[in-house]
Amino acid sequence: PTRTPAQQSPGRVTRAAVRPASAVPLPKAAQAQDFSVRLRRWFRRNSRDLPWRRTRDPYHVLVSELMLQQTQVSRVLEFYARFLERFPTLEVLAAAAPKRVMESWEGLGYYARARNLHALSKQVTGPEGSGTLPAHHEELRKLPGIGAYTAGAVSSFAFERRAALVDTNVARVLARV
């Protein structure tokens, strides 16, 4: 059987062993700049007006990001405003009964997202919490139910920090260029 470079030299992982087979070289700076300009121009012309794009409130951004996981935008639009009316702040959400939170999430599926959001709100607003969502990716990752993408999205969209965000849609665009 063929052995990978990592198997040939145990305990030592070579660069070739961790590079994906489909890796391509990075574009030149001028090409990257041109692509960035063209992509932002396309976005300004074609983007949808979505309520979570009109806010920098970290809690609102977090709610939208959690709702959008594995759920179509059209479905989230039905729930987003109603959820924020019932639970306008982390404090209100933390004080809510779990049953009420779950009822408000009903119809979105993947209920672990709602349970994690509720647990997160209790942690952030509890005696050991700061009362606000952290701005840094690393601190957000420590909260219940927050993965790398969600932490980066909240950090970027709410706090305007640089974050590498590659979701399915971004990967699809990059695969086509």
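Just so you know, these numbers use all the heavy atoms, side chains as well, and skip hydrogens, waters and symmetry mates. Quick caveat: nothing in here was measured; it's all calculated off a predicted structure.
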Q: For Asp34, enumerate each residue passing the salt bridge (charged side-chain N to carboxylate O under 4.0 Å, His left out) test, keeping only those at least two apart in sequence or located in another chain.
A: Arg38

Q. Excluding sequence neighbours, so at least two apart, what forms salt bridge (charged side-chain N to carboxylate O under 4.0 Å, His left out) with Arg54?
A. Asp49

Q. Has the side chain of Thr150 got a donor or acceptor atom that lies under 3.5 Å from a matching backbone atom of Ile146?
A. no

Q: Test side chain to side chain contact (heavy atoms under 4.5 Å, CB included) on Leu90 and Thr132 and set out the steps.
A: CA-CA 8 Å; Leu90 279 169; Thr132 60; over 6 Å; no

Do [X] and [Y] have side chains that get closer than 4.5 Å, going by heavy atoms?
{"X": "Arg115", "Y": "Met102", "result": "yes"}
{"X": "Leu62", "Y": "Asp57", "result": "no"}
{"X": "Tyr59", "Y": "Leu84", "result": "yes"}

Please list every donor-acceptor pair under 3.5 Å in which a side-chain atom of residues 152-161 meets a protein atom from a residue at least two apart or in another chain.
| from | atom 1 | to | atom 2 | distance (Å) |
| --- | --- | --- | --- | --- |
| Ser155 | OG | Ala135 | O | 2.9 |
| Glu160 | OE2 | Arg56 | NE | 3.0 |

Compile the donor-acceptor pairs under 3.5 Å between side chains in residues 103-110 and protein atoms, sequence neighbours left out, one pair per line.
| from | atom 1 | to | atom 2 | distance (Å) |
| --- | --- | --- | --- | --- |
| Ser104 | OG | Arg86 | NH1 | 3.2 |
| Ser104 | OG | Arg100 | O | 3.0 |
| Trp105 | NE1 | Gly109 | O | 3.1 |

Q. What about Val92 and Phe83, same hydrophobic cluster or not, with Ile/Leu/Val/Met/Phe/Trp/Tyr joined at side-chain heavy-atom distances under 4.5 Å?
A. yes

[atom1] of [X] to [atom2] of [Y]: how many Å apart, nearest 0.5 Å?
{"X": "Leu117", "Y": "Met67", "atom1": "CG", "atom2": "CE", "value": "8.0 Å"}
{"X": "Tyr111", "Y": "Arg113", "atom1": "OH", "atom2": "CZ", "value": "9.0 Å"}
{"X": "Leu143", "Y": "Leu133", "atom1": "CG", "atom2": "CG", "value": "7.0 Å"}
{"X": "Trp42", "Y": "Ser47", "atom1": "CH2", "atom2": "OG", "value": "8.0 Å"}

Output all residues satisfying side-chain hydrogen bond (donor to acceptor under 3.5 Å, both in side chains) with [X], sequence neighbours left out; order by chain, then residue number.
{"X": "Arg40", "result": "Ser36"}
{"X": "Thr125", "result": "none"}
{"X": "Glu78", "result": "Arg75"}

Q: Not counting sequence neighbours, list each pair that qualifies as a salt bridge (charged side-chain N to carboxylate O under 4.0 Å, His left out) and has a residue in residues 122-142.
A: Glu139-Lys142

Tell me, please, which residues at least two apart from [X] pass side chain to side chain contact (heavy atoms under 4.5 Å, CB included).
{"X": "Ser74", "result": "Gln72"}
{"X": "Ala119", "result": "Pro144"}
{"X": "Val73", "result": "Arg48, Leu50, Trp52, Leu68, Leu77"}

**Q.** Contact summary for Gly131 and Glu91, nearest pair of heavy atoms
**A.**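 Minimum heavy-atom separation between Gly131 and Glu91: O-OE2, 3.5 Å.
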
(Q) Can you give me the closest heavy-atom contact between Val101 and Ala96, atom names plus distance? (A)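 For Val101 and Ala96, the tightest heavy-atom pair comes out as CG2-CB, 3.9 Å.
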
Donor-acceptor contacts under 3.5 Å from residues 168-177 side chains, at least two apart:
| from | atom 1 | to | atom 2 | distance (Å) |
| --- | --- | --- | --- | --- |
| Asn169 | OD1 | Arg172 | NH1 | 3.1 |

